[in-house]
Amino acid sequence: MRSIQRLPDHLINQIAAGEVIDRPASALKELLENSIDADARHIAVALEAGGVRLILVEDDGSGIAAEELELALDRHATSKIRTLDELEHVQTLGFRGEGLASIASVSRLTLSSRPRDADMAWQIRAEDGKLLPKTPCSYPQGTRVEVAELYFNVPARRKFLKSTQTEYAHCLHIFQRIALSNPQVALRLTHNQKTIFNLPAQSMQARMHAILGESFAHHALNIDANLQDWTLNGWIAHPSAGSVSKDAMYFFVNGRFVRDRAITHAIRQAYRDVLHHERSLAYALFLSMPPDDVDINVHPSKTEVRFKDSQNIFRFIFHHLREQLAQTIAGASLATSANSSDLAAKSSENLKTSSHFTFSGGQFPKPTPQNAGELGLNFYDKQFGTLTKRETSANIAEHADVFAENAAIQTQTQNCPPENLSFAKNSAKSNNFAKNTAIFSKNNEKSAQQAVFDEVPPLGFALAQLHGIYILAQAPQGLIVVDMHAAHERILYERLKTSLAQRQALPAQHLLLPQRCQLSPSQWAHFCVHAPLLESLGFSFENKDLNSETMPENFAITRAPSLIAHEALDDLLQRILAHCADIGEGADDEIAAQQDAILATMACHRAVRAHHRLSLPEMNAILRDMEKTERSAQCNHGRPTWRLLDFAELDALFLRGK
Ligand code: ADP
Ligand code: MG
């Protein structure tokens, strides 16, 4: 063994750089954070070759005094904290004093600066651990850091760099994070001389729009909550809004971007049964709390933090997001419907690929107006009979009147000879309902029909069923298309959840004949784990020996929740067990997640299937229920349940007014 020696400073810096500056994006992060800490109002970033050839950051912040330039490049030299107590209350993004030193040890760095009251700027250069003497230079005010040829002296590290495009993408993400949490600062970014962002100082909302994009901004749900001295602000994506880029997940704690597993988990849990598995989460959330409640000095890169009370933070975030997501009710805000091209693409795809699609002219349901007195609600009533029967029939009765009037309008419309309608002349440029109601009356006075339409519910009235898959409805804004199974599934699911929450149990019934099941050894193993949960939901079993390795011979279901008591329970049990297998067990939120998964499976199993013919009153009953059901804008799997094709979109399809 050789003798022990102190490492040279330069090597110490290079070792530290391995941790802090692992790629160009981390160097950019350190530089941008320094500019923010210096209270810059304008920051310009120029990158070349993904930041590997050049990272240039110019700001108009407080600047560095000429006599401190060398010190700024020294390790453990900082102006931001002086004592341990200050560390515990630190408000700046930096405090470790190793950012510039680390970058300087692995690049050719030039630092120029001029504090506000100084009469000239000075510049200092560092190369491979050596400082060159400082020289005067010209710079208006603030600081300019040029980092050229990152890792030129660390070939091993250079080899680990990914393609220019990848390194650039990382830099971009860092830029966006800083931009999002500092809307008061004007920021510019160029890559290879091309301008990527040029953001003025702006409102939080405008900045969010600029960084997360139109699609997110248009549909986002606003978050604004507080608990004691914690506040949570920002936006989360509407579950059925158009796709947002994969890395649109921004969480800031006291202005600092943070990646925390417990927080991500809380957010994911909040989206549990409203987000489609192929969709990624998207959010921009800002948590503010007293500095004492969070420790940011956990990791050199400072993207990890430790909360004093992480359990409560988790609950705070989860509950508030969950509450907001519950408001995603179908039709609640027609402005949040997705665009029609999305819909058109989807449905044509559906027609092309759907194997259960059989075309036969004679099968088209005729959109004849029906007599509301003959409400054929057997089917729908049966669906909900076991849950909240009274409520359901009351709703339907209540809506029957409006429906009757609607039917009358339809009749009148159909009897009306086309030439008498002011349709052709008046609606050429129309794109709102007020103008389109002209279709329904021969004169433009506020007629009886108009009055009825003032009361039209958001999802309108059913016109017909399309191929046994979609409900088509006429609404004030245009045509509503509802995925009947998806919508019904959500309605049943929410009712099951409510019923369970209110009574701690689901209405259940004994089966006339015990239903035998065939479970594979692995299904049986899952059953043994989840049997208590299933029993708490209303199932009973006979001959269940939970100590047995394999399923006992005469194992059977004897009692089941009434909603599904008439279903093929063998198949359903297998599906439930498959779902349970995907979720962990033990923790409170996992038990809740499992319970939800079971209810969701039951709802899916029971919901109207494709090709089930529905009468108009049945369809209207579904629409009315959607309007009252929490989260009904998407099904249990996160697929949208409804879309609006508004008049503007319809007019565009037919080149009206062009
Ligand atoms: P830290 O940010 O942790 O203090 P750095 O190595 O990043 O450590 O910077 C060292 C010091 O240099 C800072 O404390 C600050 O005083 C000064 N400094 C660095 N960048 C700037 C800047 N853009 N504007 C003003 N001062 C700066
Ligand atoms: Mg710093």
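Counting starts at 1 for both ligands and their atoms, in listed order. Since the structure is predicted, the reported quantities are computational estimates derived from the model, not experimental observations.
The closest approach between K80 and ligand 1 falls below 4.0 Å for a heavy atom of the residue. Distances shorter than 4.0 angstrom do not occur between any heavy atom of G61 and any atom of ligand 1.
Using a 4.0 Å cut-off between heavy atoms, A77 contacts ligand 1 through its backbone alone, with no side-chain atom that close. Counting heavy atoms closer than 4.0 Å to ligand 1, residue S79 contributes atoms from both its backbone and its side chain. Within the 4.0 Å heavy-atom criterion, neither part of V145 lies near ligand 1. The parts of L100 lying near ligand 1 are both backbone and side chain, judged by heavy-atom distances below 4.0 Å.
Protein heavy atom closest to atom 12 (O) of ligand 1, with residue, atom name and distance, is A72 CB, 3.6 Å. The protein heavy atom nearest to atom 18 (N) of ligand 1 is I64 CD1, 3.5 Å. Remark: minimum distance from atom 25 (C) of ligand 1 to any protein heavy atom is reached at A38 CB, 3.5 Å. Scanning all protein heavy atoms for the shortest distance to atom 23 (N) of ligand 1 gives D59 OD2, 2.9 Å.
Between N34, D39, L93, it is N34 that holds the heavy atom closest to atom 7 (O) of ligand 1.
Polar contact check, G99 against ligand 1: a nitrogen or oxygen pair lies under 3.5 Å apart. Note: an N/O pair closer than 3.5 Å links T78 and ligand 1 by distance alone. Considering backbone and side-chain N/O of S62, none are found under 3.5 Å from N/O of ligand 1. In terms of polar-atom proximity, defined here as any N/O pair under 3.5 Å, F95 does make such a contact with ligand 1. In terms of polar-atom proximity, defined here as any N/O pair under 3.5 Å, G97 does make such a contact with ligand 1.
Between D273 and R322 there is a salt bridge, with a side-chain nitrogen of the basic residue lying less than 4.0 Å from a carboxylate oxygen of the acidic one. For K497 and E494, the salt-bridge test passes: some basic side-chain N is under 4.0 Å from an acidic carboxylate O. Residues E167 and K162 are not paired through a salt bridge, judged by the lack of any N-O separation under 4.0 Å between the basic side chain and the carboxylate.
A cation-pi arrangement is found for R177 relative to F257, the charged atom lying closer than 6.0 Å to the ring centre and inside a 45° cone about the ring normal.
If you check the side chains of T110 and Q123, you find no donor sitting under 3.5 Å from an acceptor. Side-chain contact of H76 with E98: a donor-acceptor pair under 3.5 Å is absent, judged by distance alone. For W230 and N312, the side-chain atoms include no donor-acceptor pair closer than 3.5 Å.
Those atoms of ligand 1 with a heavy atom of T143 less than 4.0 angstrom away are 22 (C), 23 (N), 24 (N), 25 (C). Listed by number with element, the atoms of ligand 1 under 4.0 Å from a non-hydrogen atom of G94 are 2 (O), 3 (O).
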Please evaluate residues S35 and D59 with respect to the criterion side-chain hydrogen bond (donor to acceptor under 3.5 Å, both in side chains), reporting the C-alpha separation (whole Å), side-chain torsions for both, the decisive distance (0.1 Å), and the verdict. CA-CA 6 Å; S35 298; D59 69 46; 2.7 Å; yes
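Counting non-hydrogen atoms of neighbouring residues, nucleotides and ligands closer than 6.0 angstrom, the CZ atom of R188 reaches no more than 12 such neighbours.
With hydrogens and angles disregarded, a donor-acceptor distance shorter than 3.5 Å links the side chain of R114 to the backbone of A118.
Backbone or side-chain N, O or S atoms of T78 do not reach the Mg ion (ligand 2) at under 2.8 Å.
R315 has its side chain out of reach of L227: every pair of non-hydrogen atoms, C-beta onward, lies at least 4.5 Å apart. Side-chain contact between Q193 and T190 is absent, with no heavy atoms from C-beta onward closer than 4.5 Å.
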